Amino acid sequence: MTEQQLITQAQQGATNCFTQLVASYQARLYSYLLARCQNSQDADDVLQETFISAFKYLKSYDAQWQFSTWLFTIARRILSKIKTVYHLTIDAIAGHEHITEEDPFALDQHNIWHIIKQDLQPSSYDVMWFFYVEQSSIKEIAHIMNQSESWVKTNLHRSKMKLSNNAALELMLEGE
Amino acid sequence: MNQELENQLKQDAKTIQAQAAARLADPAFSAQLVTLLSEQPHSRHRLKQRSWLFGMAAVISLTVLVWMGLQTPESTPVAPSFVVSRTLDFNLKQVPQSVEAKINQPLVQEQQAIMADLKALKEQLLSI
């Protein structure tokens with residue numbers, strides 16, 4: 001069964017077809033969420049919420065966009081809500097920077113995606129991920145980010161310039 | 001720098017993808033998601049399935065309302081001046097005549113009384 005057939009069946013209520021779609025996309029989505037989230041627990045929550053929302057609103061999926069584009073759009077929206085709640089809750093309880101317990105699935109501190117997180121805004125980080133890792137087109141990225149294509153191009157260029165000026169990053173790359 | 005940066009981004013992304021795969025390989029993790037999905041009502045689909053029920057209910061309600069409206073209530077004596085018919089089943093030709101008759105009845109009676117008085121006066125005048 002093709003992906004479009006799976007989607008059509010799932011839209012008519014075939015849960016097993018949607019499960020197959022989940023299996024196809026969960027790895028890509030979870031990779032992005034592990035990179036993006038503070039910890040793997042947040043990534044788990046957003047992953048589940050994303051697929052639950054996708055299942056609930058599957059009939060609103062527009063086939064002119066890739067299914068992955070639609071999933072990432074949902075994930076970003078949920079991520080923004082969870083991050084807001086996370087920061088408010090933790091800051092209110094702890095009163096200082098929260099020290100997380102050891103998270104086996106958290107990003108390695110030497111991973112470049114962990115390093116650039118300090119330099120880039122979340123939206124710029126996302127653009128970098130979708131462009132370099134997902135290899136999405138500018139058009140698809142613009143749709144995910146709900147921005148214009150020119151915004152995406154400008155954002156991408158500025159992010160690369162900013163990272164080029166990061167001395168620590170430059171050293172790390174030269175050391176490779 | 002840009003090419004090195006790009007290469008490093010892609011390489012380290014693979015590390016993250018491997019981490020993700022390891023996490024997803026946990027059967028308990030995947031099963032949890034499947035369970036959550038199976039618990040979700042596919043609300044829009046079920047709404048569509050039940051839409052015929054709503055249509056049926058609307059038709060039945062309308063039928064009952066129309067039937068109730070067609071029931072002619074027991075006729076009660078009405079004032080000759082104001083007659084309002086609640087029933088839909090009436091003879092259009094008869095309504096104006098019956099209303100007119102009922103409105104004119106007292107006037108006719110009064111007119112007849114006046115004519116009788118005038119006749120009596122005439123007789124009295126003629127007898128003088």
Side-chain angles (χ1 to χ4, degrees), chain A residues 10-16 18-19 22-23 26-36 40 43-44 47-49 51-60 104-108 110-116 128-129 131-135 159-161 163-166 169-170 172-174 176, chain B residues 1-70:
Chain A
Q11 285 174 331
Q12 292 169 6
T15 314
N16 58 329
F18 188 78
T19 307
V22 168
Q26 63 178 354
R28 287 168 63 182
L29 192 56
Y30 194 58
S31 302
Y32 161 67
L33 293 173
L34 273 182
R36 188 70 157 72
S40 63
D44 294 353
L47 181 74
Q48 288 178 354
E49 286 298 323
F51 281 120
I52 288 170
S53 288
F55 182 66
K56 198 175 173 185
Y57 299 108
L58 192 55
K59 291 212 172 187
S60 68
F105 296 100
L107 279 190
D108 185 278
H110 300 294
N111 190 302
I112 195 168
W113 288 101
H114 175 79
I115 296 170
I116 67 172
M128 293 285 283
W129 182 273
F131 186 78
Y132 285 111
V133 182
E134 286 293 320
Q135 298 191 327
S159 297
K160 284 193 280 187
M161 292 299 292
L163 295 176
S164 297
N165 294 328
N166 185 322
L169 192 62
E170 192 173 349
M172 188 191 91
L173 291 172
E174 285 175 0
E176 290 288 323
Chain B
M1 169 66 180
N2 279 341
Q3 191 56 51
E4 290 168 353
L5 175 64
E6 185 176 334
N7 292 340
Q8 193 65 44
L9 287 169
K10 289 179 179 176
Q11 187 178 327
D12 284 4
K14 288 182 181 174
T15 307
I16 299 172
Q17 287 164 341
Q19 280 180 271
R23 180 85 171 104
L24 293 169
D26 181 0
F29 182 78
S30 296
Q32 188 183 10
L33 179 57
V34 172
T35 304
L36 282 170
L37 286 172
S38 63
E39 289 171 358
Q40 295 302 313
H42 198 22
S43 57
R44 291 183 177 221
H45 177 62
R46 288 187 184 183
L47 188 63
K48 192 177 178 182
Q49 278 183 324
R50 293 174 184 165
S51 63
W52 69 272
L53 280 175
F54 294 124
M56 183 71 79
V59 167
I60 292 171
S61 302
L62 273 171
T63 307
V64 168
L65 284 170
V66 169
W67 178 80
M68 286 174 66
L70 287 173

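Proteins come first, then strands; the chains are lettered A, B, ... in the order of their sequence lines, and each starts at number 1. Worth saying up front: this structure is predicted, and the values here are computed from it rather than measured. The analysis underlying the following values was restricted to heavy atoms, covering all of them including side chains, and did not include hydrogens, waters or symmetry mates.
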Nearest atoms (heavy-atom pairs only) where [X] meets [Y]:
{"X": "Leu9(B)", "Y": "Trp113(A)", "result": "O-NE1, 2.8 Å"}
{"X": "Ser164(A)", "Y": "Asn2(B)", "result": "OG-OD1, 3.5 Å"}
{"X": "Ile16(B)", "Y": "Ser31(A)", "result": "CG2-O, 3.4 Å"}
{"X": "Tyr132(A)", "Y": "Glu6(B)", "result": "CE2-CG, 3.3 Å"}

In a check of side-chain contact (heavy atoms from CB on, under 4.5 Å) between Val133(A) and each of Lys10(B), Gln17(B), Lys14(B), which one passes? Gln17(B)
Heavy-atom side-chain proximity of Leu5(B) to Asn166(A) below 4.5 angstrom: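 In short, these two side chains do not touch, never coming nearer than 4.5 Å.
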Reported CD-to-CD1 distance for the pair Gln8(B) and Ile115(A), which is rounded to 0.5 angstrom: 8.0 Å
Just how far is it from atom CD1 of Ile112(A) to atom CD of Gln11(B), taken to the nearest 0.5 Å?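 If we round to the nearest 0.5 Å, Ile112(A):CD1 and Gln11(B):CD are 9.5 Å apart.
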With a 4.5 angstrom heavy-atom cut-off, could you sort out which part of [X] is near chain B: side chain, backbone, both or neither?
{"X": "Phe131(A)", "result": "neither"}
{"X": "Ile116(A)", "result": "side chain"}
{"X": "His114(A)", "result": "neither"}

Under 4.5 Å heavy-atom distance to chain A, tell me which part of Ala21(B) shows up: side chain, backbone, both or neither.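 Looking at Ala21(B), nothing touches chain A.
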Heavy-atom pair count under 4.5 Å with chain B, highest-scoring of Thr15(A), Ile52(A), Val22(A):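 Max contact count across the listed options: Ile52(A).
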For the backbone of Asn111(A) and the side chain of Asp12(B), can you confirm whether one donor and one acceptor N or O come within less than 3.5 Å of each other?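 Here the side-chain-to-backbone pair does not exist.
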